[in-house]
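Numbering starts at 1 and runs along the sequence shown. From a predicted model like this one, the values you see are computed outputs, not experimental measurements. Values below: all heavy atoms of this structure, side chains included; hydrogens, waters and symmetry mates excluded.
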Amino acid sequence: QEQLVETGGGLVQPGESLRLSCLGSGGDFWRWSMDWYRQSRENQRDWVGRIFSNGSVVYEDFVQGRFTISIDRAKKTMYLQMTNLKPEDTGLYLCHSAAYALWGRGTQVTVSS
């Protein structure tokens, strides 16, 4: 059974960093592109960025060079390295495979002083 599981969230102060992980099992996710999204309290789900199968990456404008998406194929894991976090980055971060029409359950990130 295909599954995506996100980990690495937590409570941090503004300006700090976090690295989120998305472990994919049961499927060959990395043959296609993968996305990160975040969901706010109002349940609005915003796209964060995408990594393509060739390793190229695109980001939403609000990232402003603060986030980096990468993949370790041997570990079957996609990462979201986040730096200089802001309170507005607070939300539930989810990974998504369009090819498998699959979402993880998400990991909560809270940025607060």
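Under the ring pair (Phe, Tyr, Trp, His ring centres under 6.0 Å) criterion, Tyr93 pairs with no residue, sequence neighbours left out. Qualifying side chain to side chain donor-acceptor pair (under 3.5 Å) partners for Arg45, counting only residues two or more places apart in sequence or in other chains: Gln39. Asp35 is linked by a salt bridge (charged side-chain N to carboxylate O under 4.0 Å, His left out) to Arg50, counting only residues two or more places apart in sequence or in another chain. Under the rule for a side chain to side chain donor-acceptor pair (under 3.5 Å), Gln13 has no partner lying at least two apart in sequence or in another chain. With sequence neighbours excluded, no residue forms a side chain to side chain donor-acceptor pair (under 3.5 Å) with Asp61. Under the rule for a side chain to side chain donor-acceptor pair (under 3.5 Å), the partners of Asp46 that lie at least two apart in sequence or sit in another chain are Gln44.
The two atoms that bring Leu4 and Leu102 nearest to each other are CD1-O, 3.6 Å, heavy atoms only. Residues Phe67 and Phe62 come closest through the heavy atom pair CE1-CE1, 4.4 Å.
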In a table with atom names and distances, give each donor-acceptor pair under 3.5 Å that connects a side chain of residues 104-113 to protein atoms at least two apart or in another chain.
from   : atom 1 : to    : atom 2 : distance (Å)
Thr107 : OG1    : Gly9  : N      : 2.9
Gln108 : NE2    : Gly91 : O      : 3.4

Which side-chain N or O atoms in residues 53-60 pair as donor and acceptor under 3.5 Å with protein atoms at least two apart or in another chain?
from  : atom 1 : to    : atom 2 : distance (Å)
Asn54 : OD1    : Ser56 : N      : 2.9
Asn54 : OD1    : Ser56 : OG     : 2.7
Tyr59 : OH     : Ile69 : N      : 2.8

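Legend: disulfide (SG to SG under 2.5 Å) pairs involving residues 22-113, not counting sequence neighbours, sorted by first then second residue: Cys22-Cys95. For residues 17-34, the set of pairs meeting the side-chain hydrogen bond (donor to acceptor under 3.5 Å, both in side chains) definition, not counting sequence neighbours, is empty. The side-chain hydrogen bond (donor to acceptor under 3.5 Å, both in side chains) contacts involving residues 65-76 comprise Arg66-Asp89, where partners must be two or more places apart or lie in separate chains.
A continuous path of Ile, Leu, Val, Met, Phe, Trp and Tyr side chains, each step under 4.5 Å between heavy atoms, connects Ile51 with Val48, placing both in one hydrophobic cluster. Note: the hydrophobic cluster containing Val5 does not contain Leu94 (ILVMFWY, side chain heavy atoms under 4.5 Å, direct or indirect links). In this structure, Leu92 is not a member of the same hydrophobic cluster as Met82, with clusters built from ILVMFWY side-chain heavy atoms closer than 4.5 Å.
Here Glu16 contributes atom CD and Thr83 contributes atom OG1; the two are 12.0 Å apart, rounded to the nearest 0.5 Å. Atoms CG and OH, from Leu20 and Tyr79 in turn, are 11.5 Å apart once rounded to the nearest 0.5 Å. Annotation: the span from His96 atom NE2 to Trp47 atom CH2 amounts to 12.0 Å, rounded to 0.5 Å.
Leu11 belongs to no multi-residue hydrophobic cluster, having no ILVMFWY side-chain contact under 4.5 Å with any other such residue.
Ring centroids of Tyr37 and Trp103 are separated by less than 6.0 Å, placing the two rings close together.
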